[in-house]
Participant: 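Have a look at this one before I ask anything.
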Amino acid sequence: MNPAASTPIARIDNAMAAVAGRLAVPPTPPDRPGQAQSLADGAAGVALLHIERALTGTGTWNTAHDWLRAAAHGGVLADVGSSLFRGAPALAFALHAATTDKPGRYDKAQPALHRAVTALAHRRTDHALVRITRAELPRMAEYDVISGLTGIGAHLLRHAPDDDALGRILTYLVRLTEPLHHHGEVVPGWWTEQDPHARNSPAFPGGHANLGLAHGITGPLALLALAKLRGTIVPGHLDAIERINTWLDRWRQHDNNGTWWPQWITHQDHRTGRPGQPGPLRPSWCYGTPGLARAQQLAGLALNDPDRRRLAENALAACLTQPDQLQRLSDTSLCHGWAGLTLTAWRTAADAADPMISTLLPAVIDQLLHHATTTADSGDGFLEGRAGVALVMCAIAQDAPPTSGWDACLLIT
């Protein structure tokens, strides 16, 4: 079924072309490297839009090259803070997307970038394993999709699945799922003393355990599941998936809103066994039911567990029929808006056991297009701005998975 069948393709094409036109020329002077080499809101992320359009014949390679040059301007960042969404891994991800139809297009730059990414992966994995050996709690940026090793692993799984750096990241994630003893209590290995904004806050005494796909344990779950589905497995791999599933089951809620999960678990929640969140919040990729459901669907597929798969798919379908939940979306972005909901639901529907989610997608797409033409986004970037929204519309118009594979950075595929 074409989820856009009830929506005039011309309407989608016009909206997408308007964004591409607005973003035709990189900024002058170029952004500093730290900004330019950002998938979230820099030139590297905007380049993904023009790469996808060039690959699908709706844009030009000259524009894509201009944005990639802008992303690389000033030298490549490969410090310990670099991640899939910043620095060498971000630029490497964008360059690989641009070689989908012609592997040699950037054959001079890619080997050096790959060396930088793998060296970074080994360095960050070394630090993380030392931290685990000391039985210290992690920071979210150690392991998450946006800033951590899970994001770097997502790039390597797609573009260098046989590299030892990926194996070491997966081995680290297995250890991350093992419990830790902290102040006399047993907590999951991803428990952090930080608040959800990666700060130390009196509002979160004792820290929290994050469940979201962008910053929580659902990101590692998705990477472990995708790696298993693609035949890359390390010792303890399936046990780690099961440990995460068990944790998610512990905090799974079911009420008139359907099945949902809290965004995070505080120290007080952990002690009482009850989440403080009274009901589902916005249905986003980053923290909401869509991201959590997709990761668990992938886990169900990886473990050949039809019950897990069905639970995830039913949770997302229920979410898509709840006006109170959908009204919580306040923008169109990939991260926490209509574009992220649409794409995640679309990817989930493609692997679903029945057409339930597919039948709900046309209404979701209509809402995305409505909000894209009536609301102002926070910027032009990929994760929270117009470029990401246009990329989703490009996929809908083509009625096919992204040609460049750009959504691999979201760990939903």
Side-chain angles (χ1 to χ4, degrees), residues 39 83-85 89-90 92-93 96-97 114 117-118 120-126 128-129 132 138 140 142-178 188-190 211-248 285 291-306 308-309 312 344 347-348 350-351 401-402 404-413:
L39 281 187
S83 66
L84 176 58
F85 279 77
F93 184 86
H96 274 288
H114 180 68
V117 172
T118 54
L120 173 68
H122 284 296
R123 182 181 177 191
R124 293 195 59 171
T125 302
D126 287 341
L129 291 174
I132 291 175
M140 289 188 295
E142 176 187 287
Y143 67 83
D144 75 6
V145 173
I146 302 297
S147 301
L149 283 163
T150 296
I152 296 173
H155 167 71
L156 292 171
L157 178 63
R158 184 166 182 84
H159 300 297
D162 297 325
D163 198 292
D164 180 55
L166 174 60
R168 293 196 69 218
I169 289 174
L170 295 174
T171 299
Y172 151 72
L173 291 178
V174 170
R175 293 195 62 186
L176 180 73
T177 68
E178 297 169 352
W190 60 90
L211 276 71
L213 181 55
H215 296 293
I217 195 56
T218 313
L221 175 63
L223 179 60
L224 288 164
L226 287 166
K228 166 61 169 61
L229 288 168
R230 293 170 191 172
T232 301
I233 307 171
V234 298
H237 198 125
L238 302 186
D239 291 337
I241 293 176
E242 291 285 18
R243 278 193 289 272
I244 300 171
N245 283 340
T246 299
W247 170 264
L248 295 175
W285 163 78
L292 278 149
R294 175 57 171 167
Q296 290 181 77
Q297 182 197 41
L298 292 170
L301 291 167
L303 298 177
N304 193 24
D305 181 348
R308 172 75 51 188
R309 181 180 173 187
T344 307
R347 281 296 197 180
T348 306
D351 292 324
S404 64
W406 64 264
D407 58 342
C409 69
L410 302 177
L411 267 178
I412 57 175
T413 183

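Side-chain atoms are counted along with the backbone in the values below, which use heavy atoms only and exclude waters and symmetry mates.
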Participant: Between H155 and H96, is the ring centre distance below 6.0 Å?
Facilitator: yes
Participant: Search all heavy atoms of P220 against all heavy atoms of L176 and return the closest pair with its distance.
Facilitator: CG-CD2, 4.4 Å
Participant: Which residues pass the salt bridge (Lys or Arg N to Asp or Glu O under 4.0 Å) test with R158, sequence neighbours left out?
Facilitator: none
Participant: What pairs with H215 under ring pair (Phe, Tyr, Trp, His ring centres under 6.0 Å), at least two apart in sequence or on another chain?
Facilitator: none
Participant: For P89 versus S83, what's the shortest heavy-atom pair and its separation?
Facilitator: CB-O, 3.2 Å
Participant: When you measure from the side chain of T150 to the backbone N and O of Y143, does any donor-acceptor pair fall under 3.5 Å?
Facilitator: yes
Participant: Hey, could you give me the CD1/CG distance between I146 and L84, rounded to the nearest 0.5 Å?
Facilitator: 7.5 Å
Participant: Whether the Q296 and R308 side chains hold a donor-acceptor pair (N or O, under 3.5 Å, no angle test) is what I'd like checked.
Facilitator: yes
Participant: Between W285 (side chain only) and L410 (backbone N and O only), is there a donor and an acceptor less than 3.5 Å apart?
Facilitator: yes
Participant: Please check this pair: side chain of D163 against backbone of L166, looking for a donor-acceptor N/O pair closer than 3.5 Å.
Facilitator: no
Participant: With rounding to the nearest 0.5 Å, note down the distance linking OG1 in T348 to CD1 in I412.
Facilitator: 7.0 Å
Participant: Is L149 close to L173 at the side-chain level, that is, under 4.5 Å between some pair of heavy atoms?
Facilitator: no
Participant: So which heavy atom on V234 is nearest to which on G167, and how close?
Facilitator: CG1-O, 3.7 Å
Participant: Return the CZ to CG distance between R347 and L298, rounded to the nearest 0.5 Å.
Facilitator: 10.0 Å
Participant: Please check: side-chain N/O of R123 versus main-chain N/O of T118, any donor-acceptor pairing under 3.5 Å?
Facilitator: no
Participant: List the steps and the verdict of side chain to side chain contact (heavy atoms under 4.5 Å, CB included) for W190 and M140.
Facilitator: CA-CA 8 Å; W190 60 90; M140 289 188 295; over 6 Å; no
Participant: Evaluate D239 against V174 for side chain to side chain contact (heavy atoms under 4.5 Å, CB included), listing each step before the verdict.
Facilitator: CA-CA 8 Å; D239 291 337; V174 170; over 6 Å; no
Participant: For the CG atom of L157 and the CD1 atom of I169, what is their distance to the nearest 0.5 Å?
Facilitator: 10.0 Å
Participant: Working to the nearest 0.5 angstrom, can you tell me the gap between L292 CG and L211 CG?
Facilitator: 6.0 Å
Participant: Do V145 and T218 pass the side chain to side chain contact (heavy atoms under 4.5 Å, CB included) test, and can you show the C-alpha distance, the side-chain angles, and the key distance before you say yes or no?
Facilitator: CA-CA 9 Å; V145 173; T218 313; over 6 Å; no
Participant: When you look at R243 and E178, which way does the side chain to side chain contact (heavy atoms under 4.5 Å, CB included) test go after all the steps?
Facilitator: CA-CA 8 Å; R243 278 193 289 272; E178 297 169 352; 3.9 Å; yes
Participant: Given 3.5 Å as the limit, does a donor-acceptor pair link the side chain of T344 with the main chain of G291, or not?
Facilitator: no
Participant: Under 3.5 Å, is there a donor-acceptor pair between the side chain of H237 and the main chain of L224?
Facilitator: yes
Participant: Side chains of H159 and F93, heavy atoms from C-beta outward: is any pair under 4.5 Å?
Facilitator: yes
Participant: Flag the pair L129 / T171 as yes when at least one side-chain heavy-atom distance between them is below 4.5 Å, and no otherwise.
Facilitator: no
Participant: Which atoms form the tightest heavy-atom contact between L39 and C409, and what is the distance?
Facilitator: CD1-CB, 4.3 Å
Participant: When rounded to the nearest 0.5 angstrom, what distance separates CG in D164 from OG1 in T125?
Facilitator: 9.5 Å
Participant: Do you know the tightest heavy-atom contact between I152 and A121?
Facilitator: CG2-CB, 4.0 Å
Participant: With the threshold set at 4.0 Å, does a side-chain nitrogen-carboxylate oxygen contact exist between D351 and R309?
Facilitator: no
Participant: Locate the shortest heavy-atom distance separating R294 from T413; write the atom from each residue and the value.
Facilitator: NH2-CA, 4.3 Å
